[in-house]
Amino acid sequence: MTAPVTVPAVVPADWPTTEAEALAEQRRLRPLVAARGPAPEPVAGTLVAGVDVAYDDERDVVAAAAVLLDYATLEVVEEATAVGRVAFPYLPGLLAFRELPAVTAALDALTRSPDLVVCDGYGLAHPRRLGLASHLGVTTGLRTIGVAKNPFTFAYALPGGRRGDWTPLLDGGEEIGRAVRTREGVKPVFVSVGHGIGLTEAVTVTLALTPAFRIPETTRRADSLCRRALAEAVAPGGTGR
DNA sequence: GCGACAG
DNA sequence: ATCTTGTCGC
């Protein structure tokens with residue numbers, strides 16, 4: 001694997017500035033989400049990406065990381081980061097507008113395209129059915145899933161104690177995702193469809209990516225990388241400005 | 001009106 | 001997300 005490349009994360013000129021604009025964009029993208037499709041095959045050459053973002057709100061700096069793993073071995077094959085200005089304030093339900101410009105830049109910096117992207121957050125499990133994973137999938141054309149660490153506002157019963165046990169994540173009577181036990185004795189993670197894949201398949205991928213820890217290897221790798229990138233960006237002599 | 005609220 | 005030391009345990 002080569003050293004990670006870092007690119008500037010530029011917020012598009014037409015990026016939403018207000019809550020109303022963001023809501024309008026969600027309404028436009030929502031019908032484009034595909035909630036079904038196959039899981040990637042765990043064979044040599046299949047690539048799965050993990051993406052994550054870290055912030056320095058004090059300096060208005062954001063750093064995103066995209067890490068490519070070989071789905072068959074979970075070995076890291078490529079890394080990229082993007083650093084720029086925060087694109088949007090944090091508002092529950094509008095997280096995509098805060099994170100995606102940097103995430104997209106990091107993904108674009110990879111020399112190869114992933115067969116699937118694992119996001120840190122939700123996809124269809126969202127008040128308006130367009131969490132960041134679905135938003136990213138529709139705007140890039142990539143297949144995506146969301147694996148979140150918290151249930152947000154949704155309801156669920158605790159799944160059984162064994163790895164692989166799951167229960168539906170419910171919004172009213174609708175199953176919008178699943179609470180999945182990735183390890184015995186730890187809290188479940190919350191899996192939802194992003195784009196181009198079914199819910200059962202998304203759970204299969206999540207379990208394949210969690211051989212040792214609660215959180216998928218993709219997310220763990222991306223998390224540590226974006227933190228490193230942020231630290232370098234804001235360090236004296238860095239690319240902080 | 002008040003609280004809750006992915007990261 | 002981020003603020004934050006040591007500490008219990010495999």
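First the proteins, then the strands, lettered A, B, ... as listed; each starts at 1.
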Tabulated below should be each protein N or O lying under 3.5 Å from an N or O of nucleotides 3-7 of chain B; please produce it.
from: B:dA6; atom 1: OP2; to: A:Tyr90; atom 2: OH; distance (Å): 2.8
from: B:dA6; atom 1: N7; to: A:Gly93; atom 2: N; distance (Å): 3.3
from: B:dA6; atom 1: N6; to: A:Gly93; atom 2: O; distance (Å): 3.3
from: B:dA6; atom 1: N6; to: A:Leu94; atom 2: N; distance (Å): 3.4
from: B:dA6; atom 1: N6; to: A:Leu95; atom 2: N; distance (Å): 3.1
from: B:dA6; atom 1: N1; to: A:Leu132; atom 2: N; distance (Å): 3.3
from: B:dA6; atom 1: N3; to: A:Tyr122; atom 2: N; distance (Å): 3.2
from: B:dG7; atom 1: OP1; to: A:Lys149; atom 2: N; distance (Å): 2.8
from: B:dG7; atom 1: OP2; to: A:Asn150; atom 2: ND2; distance (Å): 2.5
from: B:dG7; atom 1: O3'; to: A:Asp120; atom 2: OD2; distance (Å): 3.4

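Listed by first and then second residue, the side chain to side chain donor-acceptor pair (under 3.5 Å) pairs that reach into residues 165-176 of chain A are A:Arg129-A:Asp171, A:Arg129-A:Glu174, A:Glu175-A:Arg178, sequence neighbours excluded. Residue pairs meeting the ring-ring contact (aromatic ring centres under 6.0 Å, His included) criterion with at least one partner in residues 82-102 of chain A, sequence neighbours excluded, are A:Trp15-A:Phe97, A:Phe88-A:Phe97, A:Phe97-A:His135.
For A:Thr210, the side-chain hydrogen bond (donor to acceptor under 3.5 Å, both in side chains) criterion is met by A:Arg163, not counting sequence neighbours. Partners of A:Glu78 under the side-chain hydrogen bond (donor to acceptor under 3.5 Å, both in side chains) rule, at least two apart in sequence or in another chain, are A:Thr111, A:Arg112. Residues passing the side-chain hydrogen bond (donor to acceptor under 3.5 Å, both in side chains) test with A:Asp57, sequence neighbours excluded: A:Arg98. Scanning for side-chain hydrogen bond (donor to acceptor under 3.5 Å, both in side chains) contacts around A:Asp52 gives an empty result, with sequence neighbours left out.
Within the 4.5 Å cutoff, side-chain heavy atoms of A:Leu116 are placed close to those of A:Val118. Contact check for A:Val186 versus A:Phe213: no side-chain heavy atoms found under the 4.5 Å cut-off. Looking at A:Val83 and A:Leu230, their side chains never come closer than 4.5 Å, going by heavy atoms from C-beta outward. In this structure the side chain of A:Val48 never reaches within 4.5 angstrom of the side chain of A:Asp115, judged on heavy atoms. Residues A:Thr144 and A:Ser134 are not in side-chain contact: their nearest non-hydrogen atoms beyond the backbone lie 4.5 Å or more apart. A:Thr46 has its side chain out of reach of A:Asp70: every pair of non-hydrogen atoms, C-beta onward, lies at least 4.5 Å apart.
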Exercise. How is the base pairing of DNA chain C summarised as a dot-bracket string, given the Watson-Crick and G-U wobble criteria with both distances under 3.5 Å, [ ] for crossing and | for another strand?
Worked result: ..........
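At distances below 3.5 Å, not a single donor-acceptor pair connects side-chain atoms of A:Glu79 with backbone N or O atoms of A:Arg221.
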For this session: Summarise protein proximity over nucleotides 3-10 of chain C in one line of letters, 5' to 3': B for base, S for sugar-phosphate only, - for none, counting protein heavy atoms closer than 4.0 Å.
Result: --------
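A salt bridge links A:Asp56 to A:Arg59: one of the charged nitrogens lies within less than 4.0 Å of a carboxylate oxygen.
Here C:dT2 presents its C1' atom at 11 Å from CG of A:Leu230, a figure rounded to the nearest Å. If you measure from atom CZ of A:Arg227 to atom C1' of C:dA1, you get 9 Å, rounded to the nearest angstrom.
For DNA chain B, none of the residues of residues 6-20 of chain A falls under the heavy-atom distance limit of 4.0 Å.
In DNA chain B, no run of at least 3 consecutive Watson-Crick or G-U pairs with both distances below 3.5 Å is found.
A:Leu158 belongs to a hydrophobic cluster whose remaining members, ordered by chain and number, are A:Tyr122, A:Phe152, A:Phe154, A:Tyr156, A:Leu169, A:Ile176, A:Phe190; membership requires side-chain heavy atoms of ILVMFWY residues under 4.5 Å apart, directly or through intermediates.
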